[in-house]
Amino acid sequence: MEKNYNPSGVESKWYSYWIENRFFESQPDDRPSYTIVIPPPNVTGVLHMGHCLNNTIQDILIRRARQKGYNACWVPGTDHASIATEAKVVGMLRERGIDKNTLSREEFLTYAWEWKEKYGGIILQQLKKLGCALDWDRTNFTMDNDYYNAVIDVFIDLYKKGHIYRGVKMIHWDPKAQTALSDEEVIYKEVKSNLYYVRYKLDTDKEEYITIATTRPETILGDTAICVHPSDERYHHLKGMYAFVPLINRRIPIIYDEYIDMTFGTGALKVTPAHDINDYNLGLKHRLPIVDVLNSDGTMSKAAELFIGEDRFVVRKKIAKQLEAEGFLVKIEELMNSNGFSERTDAVIEPRLSMQWWCKMPHLAKPALDAVMKDDIQFYPAKFKNTYRHWMENIKDWCISRQLWWGHRIPAWYNEHGEFVVAKTEQEAQQLFTEKYPNHSFTLKQDEDVLDTWFSSWLWPIEVFKGFTNPDNAAIQYYYPTATLVTAPEIIFFWVARMIMAGYEYKKAKPFDAVYFTGIVRDKQGRKMSKSLGNSPDLLELIDKYGADAVRFGILISSPAGNDLLYDDKLCDQGRNFNNKLWNALRLIKGFSVTKDGYENEFATRWFTARLIEQRLQIDELMKQYQISEALKAVYKLIWDDFCSWYLEMIKPDFENPIGSATYQATLNFFRELMITLHPFMPFITEELFQEIREEKSTFTSICNTLLKDEIHFDQEVLIQGDLLIKLTTSIREVRAKNQMKPKDEIGLYYNTANDTSIEAIKKTLTRLNYLNCLIHSEKPEGTIPLTIKGDTYYIQVHREIDIEAEIKRLHDELNYTRGFLTSVNNKLSNERFVANANPDVVKKERQKASDAEKKIAALMEELNRLKAKK
RNA sequence: GGGAGCAUAGCUCAGCUGGUUUAGAGCAUCUGCCUUACAAGCAGAGGGUCACAGGUUCGACUCCUGUUGCUCCCACCA
């Protein structure tokens, strides 16, 4: 074996081996299932740190489930991501000099599919580098033929049930992508804007004005009223009056409504029903006309009368100048306010009135809310239940149509008069049309729009098993409900909530038992990783540099449950070092020469046997609670500290001496068990080392399909002895360090407890003791340093002048500490109410603590006096 | 504006339903070691008024209230 572990080559070798031997494939059988559906990454995506965290966690859950005897199935796939992909394709076409507007729908879709075939699989390939144990035969895409039909069928079904309708409402418009967005796709950001104070001339004989304040002066051209608060005395005299919109002189009424905030600006609001949701509502209430001054691309429309065809932001500046020139602009103030941006294109959102398709939510939300509140579906961390409840209780109708081509085309058919039917095919539509509108003409045209991406992804846990296409098939029966969904909290509404709704609506059952929400990956300064900051490392480069195991380790070890994690390359260093530690531990073991009568350490093997079981139970508990980074820490310590630092040092024979075959076999076996325990976290190196010590080379064995033992009983007593041994060893090393002794300097230990069998296990290697003597009570050795552990005293002989003053001080400090401790314990015990009220076990423990402390104090006193006498 | 969460060592965090010591870990720091698996290593050390102020209790890092500071989600302000 090389001196250092080198992951390159090893990782791809084992991934191929796993695939060739179909270890990740799953078919229904008599084992219980453990299923995860991957949150399908966008076809446009490349792997980033968020994916790394997310998929590593899923991989751990899947691999562990398989080790625990479940039939584990992890389903991969991608999401067509309508708006994001369409934007990419449009961009690609532009680079090639093709304008989307010159293409037919079919031509555009041909390009889009080409693009998807070329780039759509990249992200899945990258997951293989991470080691993900996905069942590739089950790969799904949200626009696969069956999946597409399932989405359309669900639309039709909900329409028939009366949950889907068409209507004109104020929606969020993305002028860049030129499509409607759902509420969830709008991100509000604080921006610095100007607040323009503009005066409107009143329709009187005198030179009278009313001044309003607005951040969007370009919409002045769409004003149809000015609104003030009914109890605002400043404006009482204007009742029933009119004003003129500056520049275009439209005569508009002054209206009164309690919606107005009198303290903002001048207390007078310009009302533009076409371009603001609140203004729209005011308009409805006061029956105001609507003047839509913007085109769909964000330029001024004909209705604006001025600046026609110019961009809204250009016009904002121009109109301010013109207002100023004509004496309408009173002043400009700076203001922080929040603007909506498109999640996908980052364009500033326009509230816009338009005809869209909607899905009513209340009846879908009800069972989905109950399931989470009653913990039928468990959220980890549970705090997200609150967020979820709040949204579900205030849920609004879902805008599901998008003015795009890439996606599931809405199955609605219209005649020339805008009358429509919903049907899967044109044929069906014609039939329906005849029935519905017997005397109308019908040259039918299908709706040009597609459905929101999430209207397909909410069916993911069902349709990846063909739960719509073939509802009674064996796979859906066996795998659904899935076990755990691992996802980011950002998409709790977009996706998680809606999958739960779809699950109850169409399967009458939850889609998953639990949802684990990961944190956000941030850089070490706590900033969110983003392209624009350039603080996101290239994952593939990281894997090349450190190996996937080390990267997995790095991202997990910093990842507390439910909190954001601060990633730093240093953590991958730690992971790489851990790899190397494992590698070298095996190098040591394999380097032993083994004979029947070589060195045996029966205590050490007993101790580690117990330790292994104890820690595995601990890891089980942590994993049950999804405390994944804590579980990894526990494995890490078990291997590094318990196995390498203590166990291996205990069983290491003297230089060039052989090890006994019993101890050797036990050690190999421990190592194998440790690899299995670690495997879900670091799959590649554990497979490599597992194969390295494998005995039967003939069968297609892998650590992937090796079961974890489920022992639950272990020897508590030997663990206590081990702790004592560790304490003693540490104390001896401390003496060495304090006395600045070289490794070669002679040192000896006297002990006096006959009942202590573990003492024999203090091998010279642990502390480099030159001799170990049991002594009889009466003859305490001279010139030694006393160590008091749990009331027993040990003596260390260092063969050099002892600094008695320093030793006295050390004993004194320890004595003081122990006395303080005893006092606090005694305070409790002398309190009658404590003894009366506290749990009897607690009282018993406190009594034990007191007597231990007393014993220790006595021993310390004795040694202190002896030292003082010598002085 | 509504809601949720966090505050423990220089940094990142454990410490679950009050009593395992007078609070732990990893990283970082310092000291000593090229000791025959690993310097990507070994051994040892230092470092905390558990944000602040009250309260409940025999007993509070842990429960309650308030204050301060930070984070997130939702609603959305012309």
Side-chain angles (χ1 to χ4, degrees), chain A residues 1 3-5 183 188 195 212-216 219 227 259-261 264-266 268-272 276-279 335 337-338 340 381 383-387 389-391 394 489-490 492-493 520 524 526 557-560 562-566 568 570-571 573-574 576-592 621 625 627 629-630 633 636-637 644-645 648-649 652 654-656 730 733-738 740-744 765 767-768 817-818 820-825 827-828 831-839 841-843 845-846 848-849 852-853:
Chain A
M1 284 170 88
K3 190 170 171 189
N4 287 331
Y5 173 64
D183 294 349
Y188 290 91
L195 185 61
I212 58 89
T214 180
T215 53
R216 303 200 55 192
T219 65
C227 189
Y259 160 75
I260 298 301
D261 175 3
F264 187 91
T266 61
L269 169 75
K270 70 185 222 35
V271 185
T272 323
D276 183 280
I277 181 70
N278 298 300
D279 289 17
L335 173 80
N337 71 338
S338 70
K383 66 178 176 185
F384 288 110
K385 281 166 74 175
N386 289 315
T387 317
R389 187 183 62 211
H390 185 259
W391 190 74
N394 297 287
E490 291 109 278
I492 185 169
F493 309 130
I520 295 167
K524 62 181 165 184
I557 205 76
S558 63
S559 175
N563 277 337
D564 289 354
L565 56 105
L566 306 187
D568 184 351
K570 252 184 359 197
L571 297 163
D573 274 318
Q574 203 184 335
R576 186 196 52 183
N577 295 353
F578 187 36
N579 278 336
N580 201 44
K581 189 74 181 175
L582 301 172
W583 181 260
N584 276 289
L586 184 57
R587 210 154 74 91
L588 171 69
I589 298 168
K590 293 195 78 170
F592 288 143
E621 272 313 301
Q625 295 303 311
Q627 312 238 31
S629 86
E630 289 300 311
K633 279 178 195 165
Y636 179 79
K637 291 189 66 158
C644 293
S645 296
L648 286 181
E649 294 300 331
K652 205 190 251 178
D654 288 345
F655 186 48
E656 294 196 327
T730 308
R733 286 171 178 169
E734 197 183 331
V735 168
R736 258 187 196 288
K738 281 248 164 78
Q740 309 234 308
M741 293 175 71
K742 293 245 156 60
K744 282 171 192 159
T765 44
T767 58
R768 302 191 162 272
Y817 177 92
T818 315
F821 173 63
L822 180 62
T823 309
S824 86
V825 175
N827 281 347
K828 282 183 209 168
N831 185 330
E832 280 172 34
R833 298 172 73 178
F834 169 72
V835 180
N837 297 336
N839 186 315
D841 277 352
V842 172
V843 178
K845 273 181 197 164
E846 292 297 315
Q848 184 62 47
K849 280 198 243 172
D852 285 354

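In this text, all values refer to a predicted model and were calculated from it rather than measured experimentally. So that the names make sense, note that chain A is the first sequence line, chain B the second, and so on, each numbered from 1.
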K.L.:
Rounded to the nearest angstrom, tell me the gap between atom CG in A/L571 and atom C1' in B/A40.
P.N.:
15 Å

K.L.:
From C-beta outward on A/I260, which listed nucleotide comes closest to its side chain: B/A78, B/G44, B/A37?
P.N.:
B/A78

K.L.:
Output the single nucleotide from B/C27, B/C58, B/U21 whose closest atom is nearest the side chain of A/K570.
P.N.:
B/C27

K.L.:
Considering only atom C1', compute the distance from B/U56 to B/G48 and round it to an integer number of Å.
P.N.:
26 Å

K.L.:
If you check the A/S645 side chain, which of B/A43, B/A45, B/U20 turns out closest?
P.N.:
B/A43

K.L.:
Any base atoms under 4.0 Å from A/K524, or only sugar-phosphate, or nothing? Heavy atoms, all strands.
P.N.:
nothing

K.L.:
Under a 4.5 Å cut-off applied to non-hydrogen side-chain atoms, are A/L269 and A/D279 in contact?
P.N.:
yes

K.L.:
Under 4.0 Å: is that the gap between some side-chain N or O of A/N584 and OP1 or OP2 of B/A40?
P.N.:
no

K.L.:
Can you find a side chain N or O atom of A/K3 that sits less than 4.0 Å from OP1 or OP2 on B/A39?
P.N.:
yes

K.L.:
Using a cut-off of 4.0 Å on non-hydrogen atoms, how would the nucleic acid contact of A/E656 be classed: base, sugar-phosphate, or nothing?
P.N.:
nothing

K.L.:
Distance between the P atoms of B/C70 and B/C27, in whole angstroms?
P.N.:
32 Å

K.L.:
With respect to the phosphate group of B/A40, does any side-chain polar atom (N or O) of A/R576 fall under 4.0 Å of OP1 or OP2?
P.N.:
no

K.L.:
Does A/L195 reach a base, just sugar-phosphate, or nothing at all? Heavy atoms under 4.0 Å.
P.N.:
nothing

K.L.:
Between B/G44, B/G19, B/A40, which nucleotide gets closest to the side-chain atoms of A/N4?
P.N.:
B/A40

K.L.:
Could you check whether A/A213 gets within reach of a base, just the sugar-phosphate, or nothing at all, counting any heavy atom under 4.0 Å?
P.N.:
sugar-phosphate

K.L.:
Within the structure shown, what part of the strands sits under 4.0 Å from A/C227 by heavy-atom distance: base, sugar-phosphate, or nothing?
P.N.:
nothing

K.L.:
For B/U56, which nucleotide is its Watson-Crick or G-U wobble mate, given both distances must be under 3.5 Å?
P.N.:
none

K.L.:
Of the nucleotides B/C74, B/G41, B/C58, which one has an atom closest to the side chain of A/N577?
P.N.:
B/G41

K.L.:
Distance check: side-chain N/O of A/K581 vs OP1/OP2 of B/C42, anything under 4.0 Å?
P.N.:
yes

K.L.:
Rounding to the closest angstrom, what is the interatomic distance between B/U49 and B/C11 at atom P?
P.N.:
13 Å

K.L.:
In terms of side-chain heavy atoms of A/K828, which of B/G26, B/G19, B/A45 is nearest?
P.N.:
B/G19

K.L.:
Considering only the C1' atoms, how many Å lie between B/U31 and B/G5, rounded to the nearest integer?
P.N.:
42 Å

K.L.:
Less than 4.5 Å apart, side chain to side chain, heavy atoms only: is that true for A/W583 and A/N4?
P.N.:
no

K.L.:
For the P atoms, the ones on B/C61 and on B/G19, what distance do you get once it is rounded to whole angstrom?
P.N.:
10 Å

K.L.:
Considering every strand shown, what is the Watson-Crick or G-U wobble mate of B/A28 when both distances are under 3.5 Å?
P.N.:
none

K.L.:
My understanding is that a pair needs two contacts under 3.5 Å, Watson-Crick or G-U wobble. By that rule, which nucleotide pairs with B/G18?
P.N.:
none

K.L.:
Contact class for A/F493 (heavy atom, under 4.0 Å): base, sugar-phosphate, or nothing?
P.N.:
sugar-phosphate

K.L.:
Tell me, do A/L648 and A/K652 make a side-chain contact under 4.5 Å, heavy atoms counted?
P.N.:
no

K.L.:
Please report the interatomic distance OH(A/Y636) to CD1(A/I557), rounded to the nearest 0.5 Å.
P.N.:
7.5 Å

K.L.:
Grab the CG-C1' distance between A/L582 and B/A37 for me, whole Å please.
P.N.:
12 Å

K.L.:
Hey, does the side chain of A/D276 reach the backbone of A/T272 with a donor-acceptor pair shorter than 3.5 angstrom?
P.N.:
no

K.L.:
Both A/T818 and A/D183 contact RNA chain B. Which one's nearest nucleotide lies toward the 5' end?
P.N.:
A/T818

K.L.:
Let's test this: given Watson-Crick or G-U wobble pairing with both distances under 3.5 Å, identify the partner of B/G5.
P.N.:
B/C70

K.L.:
What integer number of Å spans the C1' atoms of B/A14 and B/C6?
P.N.:
15 Å

K.L.:
Just how far, in rounded Å, is P of B/A37 from OH of A/Y5?
P.N.:
22 Å

K.L.:
Would you mind pulling out the nucleotide paired to B/G41, Watson-Crick or G-U wobble, both distances under 3.5 Å?
P.N.:
B/C33

K.L.:
For A/N579 and A/R576: C-alpha separation, side-chain torsions, deciding distance, then whether side-chain hydrogen bond (donor to acceptor under 3.5 Å, both in side chains) applies.
P.N.:
CA-CA 5 Å; A/N579 278 336; A/R576 186 196 52 183; over 6 Å; no

K.L.:
Would you classify A/K590 as touching base, sugar-phosphate or nothing, given that sugar-phosphate means primed atoms plus P, OP1 and OP2, and contacts are heavy atoms under 4.0 Å?
P.N.:
nothing

K.L.:
Within the structure, does a side-chain N or O atom of A/K652 lie under 4.0 Å from either OP1 or OP2 of B/A37?
P.N.:
yes

K.L.:
From C-beta outward on A/R587, which listed nucleotide comes closest to its side chain: B/A43, B/C73, B/C38?
P.N.:
B/C38

K.L.:
State the pairing partner of B/C76; accept Watson-Crick or G-U wobble contacts with both distances under 3.5 Å, and report none otherwise.
P.N.:
none

K.L.:
Contact class for A/T272 vs. all strands (heavy atom < 4.0 Å): base, sugar-phosphate, or nothing?
P.N.:
nothing

K.L.:
Rounded to the nearest angstrom, tell me the gap between atom OH in A/Y636 and atom P in B/U12.
P.N.:
19 Å

K.L.:
Between B/G15 and B/C34, how far apart are the C1' atoms? Round to whole Å, please.
P.N.:
39 Å

K.L.:
Would you mind reporting whether A/Y5 and A/L586 have side-chain heavy atoms less than 4.5 Å apart?
P.N.:
no

K.L.:
Would you classify A/L566 as touching base, sugar-phosphate or nothing, given that sugar-phosphate means primed atoms plus P, OP1 and OP2, and contacts are heavy atoms under 4.0 Å?
P.N.:
sugar-phosphate

K.L.:
Could you pick out which residue, A/N831 or A/Y259, lies toward the 5' side of RNA chain B when each is mapped onto its nearest nucleotide?
P.N.:
A/N831

K.L.:
Please check if the number of heavy atoms outside A/K524 that lie under 6.0 Å from its NZ is greater than 12.
P.N.:
no

K.L.:
B/U12 and B/A28: how far apart are their C1' atoms, nearest whole angstrom?
P.N.:
11 Å

K.L.:
Taking C-beta and beyond as the side chain, do A/Q627 and A/E621 meet within less than 4.5 Å on heavy atoms?
P.N.:
no

K.L.:
Ignoring hydrogens and angles, are the base of B/A37 and the side chain of A/E649 linked by a donor-acceptor pair under 3.5 Å?
P.N.:
yes

K.L.:
It should be established whether A/K633 places a side-chain nitrogen or oxygen under 4.0 Å from OP1 or OP2 of nucleotide B/A14.
P.N.:
no

K.L.:
Are side-chain heavy atoms of A/F384 and A/P489 found at a separation under 4.5 Å?
P.N.:
yes

K.L.:
Grab the NE2-P distance between A/H390 and B/G2 for me, whole Å please.
P.N.:
11 Å

K.L.:
Rounding to a whole Å, what distance do you find between A/L588:CG and B/C38:P?
P.N.:
9 Å

K.L.:
Measure from the side-chain heavy atoms of A/F821 and tell me the nearest of B/U21, B/C38, B/A43.
P.N.:
B/U21

K.L.:
For A/S338, report the nucleic acid contact type (base, sugar-phosphate, nothing); a contact means any heavy atom under 4.0 Å.
P.N.:
base

K.L.:
How close or far is atom P of B/U31 from atom CD of A/E734, stated in whole angstroms?
P.N.:
18 Å

